[in-house]
Amino acid sequence: MVKKPSALPRSFLSLRRLLRRSISGRHYRRTTSATGARVAAPAQDKLKDRTVLVDVEGWLLRSPLSAFPYFMLVAVEAGSFLRGLLLLLVYPVLCLLALIGLDLRLEAMVMVSLFGLREREVTRVSKAVLPKFFLEDVTMEGLEAFKKAGTVVAVTATFPRVMVEGFLKEYLGVHAVVGREVAVAAGRYVGFLEEEHAGMERVGAFLEETEATRSKGDGAVGLLGAVGPMHHVVSRYCKETYVLSEADKKTWQPLPRDKYPNKLVFHDGRLAFRPTFFAAIAMYTYVPLGIILAALRCLAFGVLPYRVSVPLAAATGMRSRLVVGPSPDASREKNEAGGRLYVCNHRTLLDPITVAAGLNKPVTAVTYSVSPVSELLAPIRTARLTRDRDQDRRRMEALLARGDLVVCPEGTTCREPYLLRFSPLFAELTGEVTPVALDTRVDMFYGTSTKPGAKWLDPFYFMMNSRPEYRVEFLERVATAPADGEEGGHGHSIQAANRVQRVLGEALGFELTGLTRKDKYMMLAGNEGVVSGGAKK
């Protein structure tokens, strides 16, 4: 009778785990080099002009255990909410299969999220939508470690390369990104993810090519997590490696917004939250109620007077905060032109309606690129401008002569706490303007989008939030007319527009920029990278 070997004692297994953990090292202070010697923690100056290999999931991101939120973002933003629902329904089944040893989660999420999507649309989402969520997941200590490196090669074993390349290159300054590729046919993704070893082979080939062209022989440095497929590649090509344990990674801090290598001024997409599995369940459960709330709120603002619609919207959870400045008629009579000019920053298409509700009287809003559907459904008068300076000036003067006028000189919306450059045309219309500071809060959906064909839904998405909030503050009037002895003209109007922008920025606590509508659409369309130096000091 043959006796089967007994299972390994539990104490031996514990010892083996302990040894493995000790080899990984504490924090990122040491590991073994290619020669077997122990090396100290990598100081930033030590990595200067050297090639650094960074494990995206193991070293850079705080929560790499579940890639589900990022695939959900791609499914919804590049595809549709129905595609996102399919991913949500499939994911529990994939988790159950993983428990019995058949882990197909990554391959299946790639298939469901990307199959049939146009290559350029996924690229747009990877540059315009995903960077915001990736930046919120970056560790400050992990980024600081390779800040002064000569060449940084980011390697991802979890995400397809197309999902992380835009974020890593444009916002973190990474020089090259190596990851697994997804099959493409006729400009559309087929959904098949290549084998893991193929990506690792490209890492080795890239390092060999890089080191062959370098004059110094310091060798590459690897920054890795405690587990992952990169260890055998790093041990072969890197002279030094630094391994981060999971316990110490939990102590690392998220990267503060003011330390982003490149400012996140613009981003796109509808989802305003990180769609984890349970958060996505909550969203899809809430959507039917959200549609009903949005319909009721839109109907109230479109049909009922403001003194009725505002309290009614508040009863459904919509919050409005009105900060009233000096009365327009307290210190001065109305302009000879007839109406007042209200200048506000631009958060959503509902800005002029919110100003009208705050004033409790009708106003006219000038627009540049609002869809005909939005103009048709708007509860206030709208006037479309042509971007011909002389023609637009005459039109705005005529509108101002007939009543109050609301203008958003940024020319486009901005979600983040920044103000774009103000077009100076409004400063040539009247001797003084009333700045109106606007800010919004949403909990589920953004009420702005640059996706073609979807802009007319912007107000509806804002109203779909469970507790959307608008803050409206009427500020002190600002003079725009030239002072005695001061020359007028276009140069003065630019100075006046900058002065109004500065007043609004101080009231809101927003940073002033010189970016324009054109910059926004170029960035979010993926035709240009991040504009450096756009923010004013």
Side-chain angles (χ1 to χ4, degrees), residues 54 56-81 83-84 87-88 91 105-106 109-110 112-114 117 121-140 142-143 154 156 158-174 177 179 249 252-284 414-418 441-451 461 465 523-524 526 529-530:
V54 181
V56 174
E57 293 84 9
W59 183 274
L60 192 60
L61 300 182
R62 290 188 300 145
S63 54
L65 296 180
S66 175
F68 175 84
Y70 298 101
F71 284 102
M72 174 60 75
L73 286 167
V74 173
V76 172
E77 306 294 358
S80 64
F81 280 92
R83 184 185 289 262
L87 177 62
L88 183 66
Y91 190 71
R105 283 175 294 184
L106 181 58
M109 286 192 295
V110 171
V112 175
S113 301
L114 299 180
L117 294 180
E121 181 62 19
V122 176
T123 301
R124 183 193 72 83
V125 169
S126 71
K127 293 183 177 181
V129 179
L130 297 184
K132 172 185 180 294
F133 298 93
F134 275 124
L135 284 169
E136 293 172 353
D137 210 18
V138 170
T139 59
M140 180 173 61
L143 179 62
T156 172
T158 300
F159 301 102
R161 178 192 54 79
V162 66
M163 289 178 59
V164 297
E165 187 171 35
F167 146 70
L168 290 169
K169 285 187 174 181
E170 298 184 17
Y171 287 92
L172 298 189
V174 169
V177 179
K249 188 176 182 179
W252 282 12
Q253 300 300 313
L255 183 66
R257 186 182 192 87
D258 58 356
K259 290 190 176 182
Y260 286 178
N262 284 318
K263 295 181 184 294
L264 181 71
V265 180
F266 302 122
H267 59 87
D268 207 1
R270 289 297 186 188
L271 300 186
F273 65 100
R274 180 180 294 274
T276 62
F277 177 71
F278 292 105
I281 291 177
M283 178 191 71
Y284 280 101
C414 183
R415 300 172 176 178
E416 297 300 315
Y418 297 96
R441 296 287 186 275
V442 295
D443 50 24
M444 195 167 293
F445 304 109
Y446 284 117
T448 58
S449 175
T450 60
K451 190 174 183 178
Y461 273 104
N465 287 283
M523 291 180 198
L524 299 184
V530 176

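These numbers were taken from a predicted model, which means no experiment stands behind them.
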Which residues satisfy the side-chain contact (heavy atoms from CB on, under 4.5 Å) test with Pro254, sequence neighbours excluded?
Arg62

4.5 Å side-chain heavy-atom contact, Met283 and Phe445:
yes

Please report the closest heavy-atom contact between Ala128 and Leu524, naming both atoms and the distance.
CB-O, 3.6 Å

If you round to the nearest 0.5 Å, how far is OG1 of Thr156 from CD of Glu57?
3.5 Å

Closest non-hydrogen atom pair, Leu117 against Ala78
CD2-O, 3.4 Å

Closest heavy-atom pair, Cys414 versus Val265, reported as atoms and distance to 0.1 Å, is SG-O, 3.7 Å

Look at the rings of Phe134 and Phe167 and say which category their plane angle falls in: under 30° parallel, 30 to 60° tilted, over 60° perpendicular.
parallel

For Asn465, enumerate each residue passing the side-chain hydrogen bond (donor to acceptor under 3.5 Å, both in side chains) test, keeping only those at least two apart in sequence or located in another chain.
none

Does any non-hydrogen side-chain atom of Leu168 lie less than 4.5 Å from one of Val56?
yes

For Glu416, what residues pass the salt bridge (charged side-chain N to carboxylate O under 4.0 Å, His left out) criterion, not counting sequence neighbours?
Arg257

Calculate, to the nearest 0.5 Å, the distance between atoms NZ and CG belonging to Lys263 and Asp258 respectively.
8.5 Å

Can you name the side-chain contact (heavy atoms from CB on, under 4.5 Å) partners of Val76, sequence neighbours left out?
Met72, Phe81, Leu271, Tyr284

Phe71 CZ to Leu106 CG distance, which is reported to the nearest 0.5 Å
5.0 Å

Rounded distance (nearest 0.5 Å) linking atom CG of Leu172 with atom CG of Leu135
6.0 Å

So, using side-chain contact (heavy atoms from CB on, under 4.5 Å) as the criterion, who are the partners of Arg274 when residues are at least two apart?
Pro69, Tyr70, Phe133, Glu136, Asp137, Thr276

Compute the ring centroids of Phe277 and Tyr91, then answer whether they are less than 6.0 Å apart.
yes

Minimal non-hydrogen separation, Gly58 against Lys249, with atom names
O-NZ, 3.1 Å

Does the side chain of Thr139 pick up a donor-acceptor pair with the side chain of Gln253 at under 3.5 Å?
no

Could you tell me if the ring centre of Tyr171 sits under 6.0 Å from that of Tyr260?
no

To the closest 0.5 Å, what do you measure between CG (Leu88) and CZ (Arg83)?
15.0 Å

Kindly indicate whether the side chain of Asn262, heavy atoms from C-beta on, has any atom under 4.5 Å from the side chain of Glu170.
no

With side chains defined as the heavy atoms from C-beta onward, is the minimum distance between Ser126 and Val74 less than 4.5 Å?
no

Heavy-atom check, side chain of Lys259 versus side chain of Leu143, under 4.5 Å:
no

Got a donor-acceptor contact below 3.5 angstrom from the Arg270 side chain to the Tyr461 backbone?
no

Cation over ring, Arg415 on Tyr446, under 6.0 Å and within 45°?
yes

Mind checking whether Met163 and Leu130 have side chains closer than 4.5 Å, heavy atoms only?
yes

Residue among Asp268, Val129, Val122 satisfying side chain to side chain contact (heavy atoms under 4.5 Å, CB included) with Glu77:
Val129

Could you tell me which non-hydrogen atom of Gly142 sits nearest to which non-hydrogen atom of Trp59, and how far apart they are?
O-NE1, 3.1 Å

Residue set satisfying side-chain hydrogen bond (donor to acceptor under 3.5 Å, both in side chains) with Glu165, at least two apart, ordered chain then number -> Arg161, Lys169

